[in-house]
Amino acid sequence: MSHNLTPVTADTSNDPLARMRVVTLGRELLEVAWIDAKKLSDDRLTEDISGQLYAAIASVLANVGEGYSRSSGKDRSRIFEYALGSVREAMVWYQAAKPVIGEVATERLNKLEEIRRMLLVIIPRERNKTIRPKNRPGLTN
């Protein structure tokens, strides 16, 4: 018996994480950060920060994904705080990159600022949430 099932891909999985604005912006930044990092690596003064910039942007996405996957709000908020730290680090690298990559750095900084503001709202909101409520009759903790 043959089934004509469409394979599940990252684009077709309907993962709710992919619909988050923070993730959308992070993915956009990850694409352009590669280009920016390549330009930075060509200049002797900024070659050392090129990898740090790219890693910081990737870390934002990695930590949002990991935090989103945690069941306790306390865990989620803690890992979202790591993402916030990576956002702030990336902002410093983009400030340092301006002489090499020009005004596109401002566009990147604006996206990072939007992510920063969203995380500052998400973190305290998540801190007191739980996916599996405690002390429900019939459940063991």
Side-chain angles (χ1 to χ4, degrees), residues 2-141:
S2 170
H3 294 287
N4 291 329
L5 296 176
T6 304
V8 176
T9 67
D11 293 331
T12 64
S13 72
N14 293 321
D15 185 349
L17 183 64
R19 293 188 298 269
M20 289 179 66
R21 177 83 176 138
V22 170
V23 172
T24 301
L25 289 170
R27 286 181 176 166
E28 290 170 9
L29 282 167
L30 191 59
E31 280 186 33
V32 295
W34 177 259
I35 297 163
D36 299 339
K38 292 294 279 178
K39 285 182 186 172
L40 291 169
S41 69
D42 290 340
D43 189 296
R44 205 167 49 79
L45 290 175
T46 56
E47 66 185 337
D48 290 343
I49 69 167
S50 65
Q52 291 175 292
L53 169 69
Y54 192 72
I57 297 294
S59 179
V60 172
L61 279 169
N63 283 305
V64 168
E66 182 177 350
Y68 186 83
S69 301
R70 297 300 175 119
S71 62
S72 83
K74 189 174 180 179
D75 259 359
R76 280 192 305 276
S77 65
R78 179 179 52 82
I79 296 172
F80 288 156
E81 286 171 346
Y82 297 153
L84 178 60
S86 295
V87 166
R88 289 184 165 146
E89 178 186 357
M91 292 174 95
V92 171
W93 298 134
Y94 268 118
Q95 286 289 343
K98 270 188 178 183
V100 175
I101 66 171
E103 273 311 299
V104 297
T106 301
E107 295 171 26
R108 313 314 192 226
L109 285 163
N110 289 342
K111 285 185 180 186
L112 285 163
E113 176 60 18
E114 187 175 347
I115 293 171
R116 186 186 73 81
R117 288 173 183 237
M118 286 186 280
L119 287 171
L120 286 171
V121 170
I122 291 168
I123 291 165
R125 186 183 70 209
E126 291 296 322
R127 192 168 281 126
N128 296 316
K129 280 187 175 179
T130 182
I131 291 175
R132 288 176 287 225
K134 293 183 179 184
N135 301 324
R136 283 184 45 203
L139 294 180
T140 58
N141 292 326

Point to revise | Shortest non-hydrogen separation from Val60 to Ser86 and the atoms involved | key: CG2-CB, 3.7 Å
Check your understanding: Leu61 and Val23: which non-hydrogen atoms are nearest, and at how many Å?
Key -> CD2-O, 3.7 Å
Review point. Does Ser69 reach the main-chain N or O of Gly65 with its side chain, forming a donor-acceptor pair under 3.5 Å?
Key: yes
Point to revise | Note, Met20 side chain near Tyr68 side chain (heavy atom, < 4.5 Å) | key: yes
Point to revise | Distance (rounded to the nearest 0.5 Å) between Leu53 CG and Ile101 CD1 | key: 7.0 Å
Check your understanding: Between Arg76 (side chain) and Ser71 (backbone), is there a donor-acceptor pair under 3.5 Å?
Key -> yes
**Study point:** Value rounded to 0.5 Å, distance of CD1 in Ile122 from CD in Glu81
**Key:** 12.0 Å
Check your understanding: Tell me, do Thr106 and Lys98 make a side-chain contact under 4.5 Å, heavy atoms counted?
Key -> yes
Check your understanding: Ser72 side chain to Asp75 main-chain N or O, any donor-acceptor pair under 3.5 Å?
Key -> yes
Point to revise | Greater than 12 external heavy atoms within 6.0 Å of Arg19's CZ | key: yes
Practice item. Could you pull out the closest heavy-atom pair between Tyr54 and Ala37, with the gap in Å? Key: CB-CB, 4.2 Å
Exercise for review: With rounding to the nearest 0.5 Å, note down the distance linking OG in Ser41 to CD1 in Ile49.
Suggested key: 10.5 Å
Check your understanding: Does a side-chain heavy-atom distance below 4.5 Å link Glu113 with Arg116?
Key -> yes
Exercise for review: Could you grab the distance from atom CD1 of Ile115 to atom CE of Met91, nearest 0.5 Å is fine?
Suggested key: 9.5 Å
Point to revise | Straight-line distance of Ile57 CD1 to Lys111 NZ, nearest 0.5 Å | key: 10.5 Å
**Study point:** Straight-line distance of Phe80 CZ to Glu66 CD, nearest 0.5 Å
**Key:** 10.0 Å
**Study point:** Residues, nucleotides or ligands: over 12 heavy atoms within 6.0 Å of Arg125 CZ
**Key:** yes
Point to revise | Validation row: Val64, Leu17 side chains within 4.5 angstrom (heavy atoms) | key: yes
Revision key, fill the gap. Between Ala18 and Thr24 the two heavy atoms that sit nearest each other are O-OG1, 3.7 Å
Check your understanding: Would you say Leu112 and Trp93 make side-chain contact, with heavy atoms under 4.5 Å?
Key -> no
Check your understanding: If we only count heavy atoms from C-beta on, is the Met118 to Leu25 side-chain gap below 4.5 Å?
Key -> yes
